[in-house]
Number of protein chains: 2
Amino acid sequence: MTSIYDIAKQAGVSAATVSRVINNERYVSLKTQEKVQRVLQDTGFIPNANASSLTKKRTNTFAVVVPDLTNPFFTEIIHGIEGQAAARKIAVIVSNTDENIDKERKALRFLTERRVDALIIASAARSGDHIISCLGEDTPIVLLDRQPQGLKADLVRSDDHRGAEILVDYLVGLGHRKIGFIAGKRGISTTKLRLDGYRLALEKYGLECQAELIAQGDFKKEGGREGMLALLALPNPPTSVIASNNLEAIGALSAIREMGLRVPEDLSLVCFDDIELASLVYPFLTVVAQPVRTMGAVAAQLALERLDGKAEQPREVVMQMTLLERRSAGRV
Amino acid sequence: MTSIYDIAKQAGVSAATVSRVINNERYVSLKTQEKVQRVLQDTGFIPNANASSLTKKRTNTFAVVVPDLTNPFFTEIIHGIEGQAAARKIAVIVSNTDENIDKERKALRFLTERRVDALIIASAARSGDHIISCLGEDTPIVLLDRQPQGLKADLVRSDDHRGAEILVDYLVGLGHRKIGFIAGKRGISTTKLRLDGYRLALEKYGLECQAELIAQGDFKKEGGREGMLALLALPNPPTSVIASNNLEAIGALSAIREMGLRVPEDLSLVCFDDIELASLVYPFLTVVAQPVRTMGAVAAQLALERLDGKAEQPREVVMQMTLLERRSAGRV
DNA sequence: TTGTATGCGTTATCAA
DNA sequence: TTGATAACGCATACAA
């Protein structure tokens, strides 16, 4: 491989000077600057960023760890992150954990080996101990959507509590008084917030919060399906159901169809998180949506500021949820 | 930062030995192996992969360059790549070009600085010259979905030609004889193959291929919308339309709605590439789908084999398209 | 089986 | 303003 030494030789200067020109530092005379630039052009030399990061102690790399690369919620966030990062010449390494803590741990270890400058993560884990123990205290961490226990770090999320309230408000407005809920994955902060929001909203309307109306989900299709199956098996099933995310809703939908029922005629179904393309193809599922792209951009922003030392305390950015009314819920 | 030298000191051995233990090479006595391992454990030391790659001349990094991170077609492919890569301890850097050649060029330059081991790319460009001129001849390249001109490299794609034929067969089977076509982005190989397939299939049925029935698209929503608008403005519009990808179909759909028409009652619409989640929410759009996840995995595989020197000539892997019949096309 | 010395491609420090 | 020289953290050829 050709290095700055080769360039230096050709330009009749030292390697240090070449380095200075490449990073356009001051203290290089215009003359030598041009001389070196010419050689750089002629040879088409491209410096080795890895070698550079060895001395600079910056890799200009962000790691993004998500639990489900299948979910547009996360891919859109990645999109947002990538946009900001590319503009700053920062590489984005993507890792998928499949909601699996073991995979997450492996990914973290791996990313630490690469000495990523920052970690942006929607963790699959209940607690954040393993994150710290893998990354150490120094690497900036931005939590995405989920806040593991015992982890003080920047956080970008949406107002899950309020989101649940919005959905309940909406269903109650349609006359529903028996509202089921398919919870998210156990031990995830988002799961708890959405569930709490649901409970409180019911209370607001003087509706009893029956334990049997709450099914366990896992933020995936299959969990949504099973949760819905459980609700439908009830002697007195709900007239409407809230799924804790988009994939659960899809699973729930398939369960409903399996039972020969229709949405919204026989049962209303709403959920957290949009599937934008689906709604463009056919505006069906009523949801509360998060500003995903923006969340990604904000997360990247927070990471950058941490790197620049422009922050002291952990910050929490809470975005608004928006109700997108479509056709999956009906009046009862 | 702590290095293998620190470990060496603590373990009472040389750095070389520590390196050997970490990479578990042979020629290390069990005794010292254990001794070093213990220190490694106790300190929780994690080696610096960047430093390592400097000497090894392998970064264990793949670059994935796609034109549209918004399209599940590409994110699913990324998913497939990531799976293979993670299993081999290879990092995946994702770059989005927005179908913009300039962004692509910048991304390539950037990725070359990182000395990625391989490039997996769905290029936004007509020709592949800039790819070679950025990357050089040595870095393995795997072309995804699209084959820029003048670029000899491995290629993973689906049978676009046959895909078009499948769609035409299907529509003709429904009685359509006036089939419109919204082309893909100009200058992309996929665009041409799909269009050619369409033409040949029409011919097969003795149907005239009218130029006015072919509208220009760009693989994005807006292009699909405009293409469809143009077709609908025809004095004698088609009874069915094929869009060159999923996003174009969505745009086309919105155009159709704007004109107060319905699918499939007033017009049939089918396209290339699925939107899986949409079909799960509501099985609407009839498509020919590609095995996306697999394509990603195969692409990663090809890259790996190139790295291992297990290949000579460029290889071309062509996958089958599958018709997924739903409700967006009707009998005429 | 282990250690020494050197190199990987940059940048930073210090003199000149 | 420029150039030696020594890091950066690790791997490898060679010697022991």
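Residue numbers start from 1 in every chain, and the chains themselves are labelled A, B, ... in the order their sequence lines are given, proteins ahead of strands.
- In summary, the side chains of Gln10(A) and Thr43(A) do not present any donor paired with an acceptor at a separation below 3.5 Å, with no hydrogens or angles considered.
- Side-chain N or O atoms of Glu82(B) include one that pairs as donor or acceptor with a backbone N or O of Asn96(A) at under 3.5 Å.
- Judged by distance alone, the side chain of Asp98(A) and the main-chain N or O of Asn100(A) form no donor-acceptor pair under 3.5 Å.
- At a threshold of 4.0 angstrom between heavy atoms, the contacts of Thr32(A) are confined to the sugar-phosphate backbone, with no base atom among them.
- In this structure, the CG atom of Asn23(A) is 10 Å from the P atom of dT10(C), given to the nearest Å.
- Distance Asn24(B) CG to dT2(C) P: 14 Å, rounded to the nearest Å.
- Counting only heavy atoms from C-beta on, Ala51(A) has its side chain closest to dT10(C) among dT10(C), dG3(C), dG7(C).
- Of the side-chain N and O atoms in Lys57(B), one or more sit less than 4.0 angstrom from OP1 or OP2 of dG9(C).
- Between Arg114(A) and Thr61(B), the side chains place a donor N or O and an acceptor N or O closer than 3.5 Å (distance only, hydrogens not considered).
- Along DNA chain C, the nucleotide nearest to Met1(A) and the one nearest to Glu25(A) differ in position, and the one closer to the 5' end is contacted by Met1(A).
- If you measure from atom OH of Tyr27(B) to atom P of dT1(C), you get 8 Å, rounded to the nearest angstrom.
- As rounded to whole Å, 11 Å separates atom P of dT10(C) from atom CD1 of Ile46(A).
- Comparing Val13(A) and Ile4(B), the nucleotide of DNA chain D nearest to each residue sits closer to the 5' end for Val13(A).
- Rounded to whole Å, atom P of dT10(C) lies 10 Å from atom CD of Glu113(B).
- Distances shown here put a side-chain N or O of Ser29(B) below 4.0 Å from the OP1 or OP2 atom of dT2(C).
- Residue Asn50(A) is classed as having no contact, given no heavy-atom separation below 4.0 Å to the nucleic acid.
- Atom P of nucleotide dT11(C) and atom CD1 of Ile22(A) are separated by 6 Å, given to the nearest angstrom.
- Between Ser19(A) and dT11(C) there is a side-chain N or O to OP1 or OP2 distance below 4.0 Å.
- Considering only the side chain of Arg20(A), dT13(C) comes nearest among dT13(C), dA12(C), dT11(C).
- In this structure a side-chain-to-backbone donor-acceptor pair under 3.5 Å is present from Asp117(B) to Thr59(B).
- If you check the side chains of Ser158(B) and Gln290(B), you find a donor sitting under 3.5 Å from an acceptor.
- By the 4.0 Å N-to-carboxylate-O rule, Asp154(A) lies close enough to Arg315(A) to be salt-bridged with it.
- A 6.0 Å sphere centred on CZ of Arg38(A) holds no more than 12 heavy atoms belonging to other residues, nucleotides or ligands.
- Straight-line distance from the CG atom of Asn48(B) to the C1' atom of dC8(C): 13 Å, rounded to whole Å.
- Closest contact between the side chain of Tyr5(B) and the listed nucleotides dG3(C), dT6(C), dA12(C) involves dT6(C).
- When heavy atoms are screened at a 4.0 angstrom cut-off, Val18(B) is found touching no nucleic acid atom at all.
- The footprint of chain B on DNA chain D, defined by a heavy-atom cutoff below 4.0 Å, extends from dG9(D) to dA13(D).
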